[in-house]
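To keep things clear, I will list the structure first and then write my remarks on it.
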Amino acid sequence: QVQLVESGGGLVQPGGSLRLSCAASGSTFGYYSIGWFRQAPGKEREFVIGISWSAGRTKYADSVKGRFTISRDNANYTMYLQMNSLKPEDTDIYYCAANELGYPGSYVENYPYWGQGTQVTVSS
């Protein structure tokens, strides 16, 4: 089992950048695929981006292609979400999640392990 803690959220102006971190503990992080999801109040949680345990496979939502990138540092049990060219519609709570499937699925049901979330607000 793995525990996940997100950090790095905050307030940023449109066009700005943020980097979120997801720190893992409790298990062998390198064997988990990781996904980032986001959720606004009253809406369903939606997939943003994911990376396989080997970092050889990534998956992006169309809405973030060319703006968001994902990376992982297995030696330090940390995964990163770099968000550039942020838009007001990117405002959400962002969650990292982990699975043992070997690939970064895009459905909430693919991930049994979740962090508590971090708020990202894009506003002028």
Side-chain angles (χ1 to χ4, degrees):
Q1 191 166 353
V2 63
Q3 291 79 46
L4 304 170
V5 179
E6 303 95 336
S7 61
L11 173 64
V12 63
Q13 292 187 342
S17 298
L18 274 179
R19 189 176 80 159
L20 305 184
S21 299
C22 176
S25 63
S27 188
T28 308
F29 177 64
Y31 295 102
Y32 289 83
S33 294
I34 300 294
W36 281 97
F37 287 74
R38 63 187 182 185
Q39 187 173 24
K43 293 188 176 181
E44 293 187 353
R45 195 166 294 187
E46 66 173 5
F47 175 77
V48 176
I49 196 168
I51 189 167
S52 63
W53 69 270
S54 66
R57 183 174 175 181
T58 56
K59 189 177 181 73
Y60 297 80
D62 289 341
S63 59
V64 305
K65 280 182 180 177
R67 301 189 298 123
F68 290 12
T69 57
I70 189 170
S71 61
R72 63 190 298 161
D73 180 351
N74 287 344
N76 291 302
Y77 283 41
T78 304
M79 187 263 295
Y80 303 99
L81 173 59
Q82 179 66 44
M83 305 186 294
N84 299 326
S85 302
L86 283 162
K87 305 175 182 180
E89 53 263 42
D90 295 316
T91 295
D92 272 322
I93 298 175
Y94 283 70
Y95 299 87
C96 68
N99 72 44
E100 299 167 277
L101 299 176
Y103 64 89
S106 56
Y107 299 98
V108 169
E109 294 75 21
N110 295 145
Y111 296 88
Y113 309 112
W114 292 85
Q116 83 290 347
T118 185
Q119 176 71 48
V120 172
T121 303
V122 185
S123 175
S124 55

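Ionic pairing of Asp90 and Arg67 is present here: one or more N-O contacts between side-chain nitrogen and carboxylate oxygen are shorter than 4.0 angstrom. A salt bridge between Lys65 and Asp62 is present, with a side-chain N of the basic residue lying under 4.0 Å from a carboxylate O of the acidic one.
Closest heavy-atom contact between Ile51 and Ser71: CD1-CA, 4.2 Å. Across every non-hydrogen atom of Ser52 and Gly102, the tightest pair is CB-O, 3.8 Å. Ala98 approaches Pro112 most closely through the heavy-atom pair O-CD, 3.2 Å.
For the pair Arg57/Tyr103, a side-chain contact is recorded, criterion being any heavy-atom separation below 4.5 Å from C-beta on. Side-chain contact between Val122 and Pro14: present, with at least one pair of heavy atoms (C-beta onward) separated by less than 4.5 Å. By the 4.5 Å heavy-atom criterion applied to side chains, Glu44 and Glu46 are not counted as neighbours. In this structure the side chain of Leu81 reaches within 4.5 angstrom of the side chain of Met83, judged on heavy atoms.
In this structure, Gln116 CD and Cys96 SG are separated by 7.5 Å, a value rounded to the nearest 0.5 Å. Taken to the nearest 0.5 Å, the CG atom of Asn99 stands 12.0 Å off from the CD atom of Glu109. Separating the CD1 atom in Ile34 from the CZ atom in Arg72 is a distance of 5.0 Å, to the nearest 0.5 Å. We find the CZ-OG distance between Phe68 and Ser17 to be 9.5 Å, quoted to the nearest 0.5 Å. Summarising the geometry, atom OH belonging to Tyr60 is positioned 14.5 Å from atom OG belonging to Ser106; distances are rounded to the nearest 0.5 Å. Taken to the nearest 0.5 Å, the CG atom of Leu11 stands 10.0 Å off from the CD atom of Gln119.
Residues Leu86 and Leu20 share a hydrophobic cluster, clusters being chains of Ile/Leu/Val/Met/Phe/Trp/Tyr side chains in contact below 4.5 Å. Following chains of ILVMFWY side-chain contacts shorter than 4.5 Å, one can reach Ile70 starting from Leu18, so the two form part of one hydrophobic cluster. Each of Ile49 and Phe37 belongs to its own hydrophobic cluster when Ile, Leu, Val, Met, Phe, Trp and Tyr are linked at side-chain heavy-atom distances under 4.5 angstrom. The hydrophobic clustering, which links ILVMFWY residues whose side-chain heavy atoms are closer than 4.5 Å, places Trp114 and Met79 apart. A single hydrophobic cluster is not seen to contain both Tyr95 and Val2; linkage of ILVMFWY side chains at heavy-atom distances under 4.5 Å, directly or through other members, places them apart.
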Handout entry: Lys59 vs Ser33, side chain to side chain contact (heavy atoms under 4.5 Å, CB included): CA-CA, chis, key distance, verdict
Key = CA-CA 11 Å; Lys59 189 177 181 73; Ser33 294; over 6 Å; no
Handout entry: Residues Val108, Gln39; criterion side chain to side chain contact (heavy atoms under 4.5 Å, CB included); working and verdict
Key = CA-CA 11 Å; Val108 169; Gln39 187 173 24; over 6 Å; no
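Distance alone, capped at 3.5 Å, places no donor-acceptor pair between the Gln13 side chain and the Ser124 backbone. A donor-acceptor pair under 3.5 Å links the side-chain atoms of Tyr111 to the main chain of Gly105, judged by distance alone.
Using cut-offs of 30° and 60° for the angle between ring planes, the Tyr32 and Tyr113 rings count as perpendicular.
Of the options Asp73, Asn74, Thr78, a side-chain hydrogen bond (donor to acceptor under 3.5 Å, both in side chains) to Asn76 is made by Asp73 and by none of the others.
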